[in-house]
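Working notes, beginning with the structure itself.
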Amino acid sequence: MSQILILGGTQDARILADRASVAGHTVTLSLAGRTSDPILPACRSRTGGFGGPEGLARYLRDEGIEVLIDATHPFARIISANARRAAAAAGVRLLALGRPAWIPVPGDRWTRVTTTEAAARALGPHPARVLLTIGRQEVAAFRAAPQHAYLIRSVEPPDQADLPPIARTLLARGPFTEPDERALIEAHRIEILVTKNSGGAATYAKIAAARTLGLTVVVIDRPAETDTFTRDEILAHLAAPAENRGV
Ligand code: NAP
C-alpha cells in the first residue's frame, strides 16, 4: 500500500481519494483553498499552496509520498506544471488524471476560443443576456464587453471590482441537472452561454440544455493534455506491486 498525495479541487479528485483510501492506501488530498467551504473526502486533507515546485518537492520528500496524482481541473495549468517538476525533482511517480474534453454534437452552436479575453470579444457588439460559468477568477475579462447583461454563476462570489457594469451573481455548486439548467436559462432569458471546455459529466448539463434551447455557446478550449490516465487506470496502477510501478 502506498503513501499518496492527490492534488485536487475537483469532484474527480475526491472520488479518486475515497476509492484509493478504501483500497487501503494512505491518501492525502490537497486543496488550493479557493473555496471557503469545500466538500472534503473521508481521508486526510491539507489546504493551501506548497510554495511552487520546490515547495511541493520538499513536501513529497518530507511526507514520504510514493505516488503523486494530479487530479486538478484541466484549466489549472500552474499546479500541473509544478507537479511535473516536483515529481521529477523528488523522484516520485506522477500520474495525471485525464478528463476527455467535450466535443460538439449535431445541434450544438459553439463558438470556440482559446482565452477568456477572446470569449468576451466573441459575444459580439450587440447587447445580449449572457450566462457566465467560468468560475470567479477570470470574470474581469468581461469588463471589456460592458454592453452585455451577465448572470455569473460561481461557487464563491467574484470580487466586486471584477464585475462588468451589468451583472448579477448566482452562487451555486454543481453537479447540475439538465432540467434545472434549462429552467435557469429560460428564467433569465439567457441568449449566450460562456463555458470552459472542462469535460466530464458534472457540468455537462448546461451544454445539453443550451443545445435544446438553441443557444449560442462560447467555449473556451483547454490546453492540450499529455500522458493522462482514467480513474480506473490509476486505481489499477496503485493496486500493482510497487516493483512493477517504476516508482
Ligand atoms: P493554478 O493556477 O494552476 O495554481 C495556482 C497556485 O495555486 C499553484 O501554484 C499552487 O500554489 C496553488 N494550487 C493549485 N491547486 C492546488 C492544490 N490542489 N493544492 C495545493 N495548492 C494548489 O490553479 P487554479 O486554476 O487557480 O485552480 C485552483 C484550484 O481550483 C485547483 O486545485 C483546481 O483543481 C481547482 N479548480 C480550478 C478550476 C479552473 O478553471 N482553473 C475550475 C475548478 C476547480 P503553490 O505554487 O504555492 O503550490
Side-chain angles (χ1 to χ4, degrees), residues 4-17 20 27-41 43-63 65 67-90 92 94-99 101-102 113-117 119 132-142 152-159 162 171-176 193-204 206 218-225 228 231:
I4 299 171
L5 177 67
I6 300 181
L7 300 171
T10 60
Q11 189 187 29
D12 285 339
R14 210 166 50 244
I15 294 169
L16 191 55
V27 181
T28 303
L29 179 71
S30 175
L31 301 171
R34 301 278 191 273
T35 307
S36 55
D37 181 23
I39 302 170
L40 294 172
C43 69
R44 195 165 81 121
S45 60
R46 63 162 303 285
T47 302
F50 295 93
E54 299 79 14
L56 178 53
R58 198 163 41 245
Y59 181 96
L60 296 175
R61 289 195 202 95
D62 290 351
E63 299 292 321
I65 300 296
V67 183
L68 173 63
I69 297 176
D70 177 7
T72 57
H73 190 272
F75 280 81
R77 302 161 203 211
I78 297 173
I79 188 69
S80 293
N82 289 357
R84 287 191 290 275
R85 286 179 56 189
V92 166
L94 172 68
L95 298 172
L97 181 68
R99 209 199 276 181
W102 297 322
V113 296
T114 54
T115 64
T116 316
E117 290 70 25
L132 261 195
T133 62
I134 58 162
R136 70 186 162 108
Q137 293 187 75
E138 292 154 272
V139 163
F142 292 85
I152 302 171
R153 182 170 70 187
S154 55
V155 176
E156 300 275 322
D159 286 346
D162 288 346
L171 301 187
R173 186 184 343 229
F176 304 101
L193 166 69
V194 181
T195 180
K196 292 176 177 173
N197 192 336
S198 300
T203 57
Y204 185 75
K206 61 189 170 187
V218 176
V219 178
I220 306 171
D221 277 326
R222 54 163 74 187
E225 284 180 348
T228 58
R231 187 163 61 214

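Counting convention: from 1, in listed order, for ligands and their atoms alike.
- For ligand 1, the atoms sitting less than 4.0 Å from at least one non-hydrogen atom of R46 are 20 (C), numbered in the order shown with element in parentheses.
- Residue contacts with ligand 1: G8 is included, with a non-hydrogen atom under 4.0 Å away.
- Residue G52 places a heavy atom under 4.0 Å from ligand 1.
- Closest heavy-atom approach to atom 47 (O) of ligand 1 within the set G174, S45, S154, G51: this belongs to G51.
- Atom 35 (C) of ligand 1 has as its closest protein heavy atom G9 O, 3.6 Å.
- Taking the side chain as every heavy atom from C-beta outward, V92 and L94 never approach each other to under 4.5 Å.
- Distance CG/L56 to CZ/R85: 10.5 Å, rounded to 0.5 Å.
- Every atom of ligand 1 is numbered from 1 in the order shown, and the set under 4.0 Å from a heavy atom of R77 is 3 (O).
- The shortest separation from a heavy atom of Q137 to ligand 1 is under 4.0 Å, placing the residue in contact.
- The distance from the CD1 atom of I6 to the CD1 atom of I15 is 11.0 Å, given to the nearest 0.5 Å.
- Residue contacts with ligand 1 do not include L56, since none of its heavy atoms lies under 4.0 Å from the ligand.
- When hydrogens are left out, the protein atom nearest atom 11 (O) of ligand 1 is G49 CA, 3.6 Å; that is the closest non-hydrogen contact.
- Of the protein's heavy atoms, F50 N, 2.7 Å lies nearest to atom 48 (O) of ligand 1.
- Among E138, R222, R34, the residue whose heavy atom lies nearest to atom 30 (O) of ligand 1 is R34.
- Between Y59 and T28, the closest side-chain pair of non-hydrogen atoms falls below 4.5 Å.
- Nearest non-hydrogen protein atom to atom 10 (C) of ligand 1 is I79 CD1, 3.9 Å.
- Scanning the protein heavy atoms around atom 19 (N) of ligand 1, the nearest turns out to be S30 OG, 2.7 Å.
- Counting heavy atoms from C-beta on, the side chains of I220 and E138 never come closer than 4.5 Å.
- Scanning the protein for heavy atoms near atom 27 (O) of ligand 1, the closest one is A76 CB, 3.9 Å.
- Interatomic distance, S198 OG to H73 NE2, rounded to the nearest 0.5 Å: 3.0 Å.
- With ligand atoms numbered from 1 in the order given, ligand 1 contributes 34 (O) to contacts under 4.0 Å with heavy atoms of T72.
- With ligand atoms numbered from 1 in the order given, ligand 1 contributes 39 (C), 40 (O), 41 (N) to contacts under 4.0 Å with heavy atoms of K196.
- Using a 4.0 Å heavy-atom cutoff, S80 is absent from the residues neighbouring ligand 1.
- Atoms OG and CD1, from S30 and I65 in turn, are 10.0 Å apart once rounded to the nearest 0.5 Å.
- Under 4.0 Å is where a charged nitrogen must lie from a carboxylate oxygen, and between R46 and E63 no such pair does.
- Side chains of R231 and D12 form a contact here, defined as non-hydrogen atoms less than 4.5 Å apart.
- The closest side-chain heavy-atom distance from S154 to L171 is below 4.5 Å.
- Proximity of T195 to W102: side-chain heavy atoms (C-beta onward) are separated by under 4.5 Å at one or more points.
- Counting atoms of ligand 1 from 1 in the listed order, those under 4.0 Å from a heavy atom of G48 are 20 (C), 21 (N).
- For atom 13 (N) of ligand 1, the nearest protein heavy atom (residue, atom name, distance) is A32 CB, 3.6 Å.
- Among I78, N82, T203, the residue whose heavy atom lies closest to atom 1 (P) of ligand 1 is I78.
- Looking at atom 43 (C) of ligand 1, its nearest protein heavy atom turns out to be H73 CD2, 3.3 Å.
- In this structure the side chain of F142 reaches within 4.5 angstrom of the side chain of I134, judged on heavy atoms.
- By the 4.5 Å heavy-atom criterion applied to side chains, F176 and T133 are not counted as neighbours.
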